[in-house]
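First comes the structure, then the notes that go with it.
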Amino acid sequence: MKKTRMLFFIGLLLFSLTGCSNSKEQELRMDDVEKSMNHVLEEVYRLNVELEDAKQQIKTLEDEAKVMDENYTALVEDIENTNAEYDQMLEYVQLNEGAYISVFENGYDAAETDLGSLTFSVDTVEEYLSGYQIDLTIGNPNYVDLVGLDLLVYGLGPEFQTISEEINIELSDTIYAGSWNTVTITIPYVSSNKLSYLYIEAETNTISMK
């Protein structure tokens, strides 16, 4: 009987010792799991931070791309407008053999005729009724006097746009050879745009030999 009780107590002790050992092992495992979970959470947080940074960088790049696209569109429009103005100017300057002169700035240009070139410049400009009265200086570098001259005149605005109808002017003045000659012409009507340039073509009528 005593022997049986002894064996019972020894077995109970061994069971207790084994239970304690298993409990410590479980605690150690739980610590490891907790550490692993904490590490995973830290990695997730770090990745989320990097993801937000990447999103912000993408948004910044998208904003910059939008600004660049707007600037490009504006540049294309400016180029198209400049080309349109240039083409409009060519319509009166290069495609014709006329003189292209500023109304309010000193300067001159030549118009070709069948007898040679004539030089035109603006002397004075005054508003007259609904248009303008202009003292026009004509230089005749040729060796003959020109008796009478037919002029085809267009009034142009600040951006070279046509602001008057085609004006035909018949001059009865003699345009003397080798000299400057002043004649007065009238632009009878222009639109609300300010007159800035004249385009002039000339055709000779009669010559007078010296």
Side-chain angles (χ1 to χ4, degrees), residues 71-210:
N71 291 339
Y72 174 78
T73 301
L75 178 61
V76 170
E77 291 178 354
D78 289 341
I79 292 173
E80 289 176 349
N81 291 334
T82 301
N83 288 337
E85 293 175 2
Y86 179 73
D87 292 340
Q88 197 169 30
M89 184 175 65
L90 283 180
E91 181 180 352
Y92 298 102
V93 182
Q94 285 190 345
L95 301 183
N96 300 291
E97 296 182 344
Y100 173 82
I101 53 177
S102 172
V103 172
F104 298 104
E105 297 178 3
N106 293 329
Y108 62 89
D109 196 12
E112 297 299 323
T113 73
D114 52 353
L115 295 177
S117 63
L118 296 174
T119 303
F120 292 87
S121 67
V122 172
D123 188 9
T124 60
V125 179
E126 294 180 359
E127 293 186 3
Y128 180 75
L129 300 178
S130 60
Y132 291 88
Q133 184 169 281
I134 300 172
D135 287 339
L136 194 65
T137 301
I138 304 175
N140 181 6
N142 303 291
Y143 294 101
V144 295
D145 297 338
L146 304 176
V147 182
L149 196 63
D150 291 338
L151 301 180
L152 174 64
V153 181
Y154 284 99
L156 306 179
E159 296 180 357
F160 313 109
Q161 72 274 26
T162 302
I163 60 173
S164 75
E165 299 293 334
E166 176 183 304
I167 304 166
N168 293 286
I169 301 173
E170 295 182 3
L171 298 178
S172 58
D173 309 63
T174 298
I175 309 301
Y176 294 100
S179 64
W180 291 97
N181 306 263
T182 301
V183 298
T184 300
I185 64 173
T186 300
I187 307 295
Y189 172 78
V190 297
S191 68
S192 58
N193 290 293
K194 183 178 180 181
L195 178 68
S196 299
Y197 303 94
L198 293 178
Y199 175 76
I200 303 174
E201 292 182 10
E203 183 177 346
T204 59
N205 290 330
T206 307
I207 65 173
S208 175
M209 303 295 293
K210 287 189 175 181

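None of the values given here were measured: they were computed from a predicted structure.
Residue F104 places its CZ atom among more than 12 non-hydrogen atoms of other residues, nucleotides or ligands, all under 6.0 Å distant.
Atom-to-atom distance recorded for L171:CG and I185:CD1 is 8.0 Å, nearest 0.5 angstrom. Atom-to-atom distance recorded for Y197:OH and I101:CD1 is 12.0 Å, nearest 0.5 angstrom. Atom CD1 of residue I134 and atom CD1 of residue I169 lie 8.0 Å apart, to the nearest 0.5 angstrom. Interatomic distance, CD1 of I200 versus OH of Y100, reported as 12.5 Å (0.5 Å rounding). Summarising the geometry, atom CD belonging to E170 is positioned 10.5 Å from atom CG belonging to L149; distances are rounded to the nearest 0.5 Å.
N181 pairs by the side-chain hydrogen bond (donor to acceptor under 3.5 Å, both in side chains) definition with nothing, not counting sequence neighbours. T73 meets the side-chain contact (heavy atoms from CB on, under 4.5 Å) test with D69, E77; sequence neighbours excluded. By the side-chain contact (heavy atoms from CB on, under 4.5 Å) test, L75 pairs with I79, sequence neighbours left out. Under the rule for a side-chain contact (heavy atoms from CB on, under 4.5 Å), the partners of N168 that lie at least two apart in sequence or sit in another chain are L152, E166.
Using the six-membered ring where Trp is involved, Y154 and Y199 have ring planes that are tilted, between 30° and 60° apart.
Under a 3.5 Å cut-off, the side chain of N140 and the backbone N or O of S179 do not form any donor-acceptor pair.
Here the closest heavy-atom approach between residue A177 and residue N142 is recorded as CB-O, 3.1 Å. Heavy-atom minimum distance, T186 versus I167: O-CG2, 4.4 Å. For the pair Q133 and T184, the tightest heavy-atom approach, listed with the atom from each and the gap, is CG-CG2, 3.6 Å.
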Considering only distance and modelled atom types, tabulate donor-acceptor pairs under 3.5 Å from the side chains of residues 114-129, sequence neighbours left out.
from: D114; atom 1: OD1; to: T204; atom 2: OG1; distance (Å): 2.8
from: T124; atom 1: OG1; to: D135; atom 2: OD2; distance (Å): 2.8

Item checked: T113 and L146: CA distance, side-chain angles, deciding distance, side chain to side chain contact (heavy atoms under 4.5 Å, CB included) verdict -> CA-CA 11 Å; T113 73; L146 304 176; 5.8 Å; no

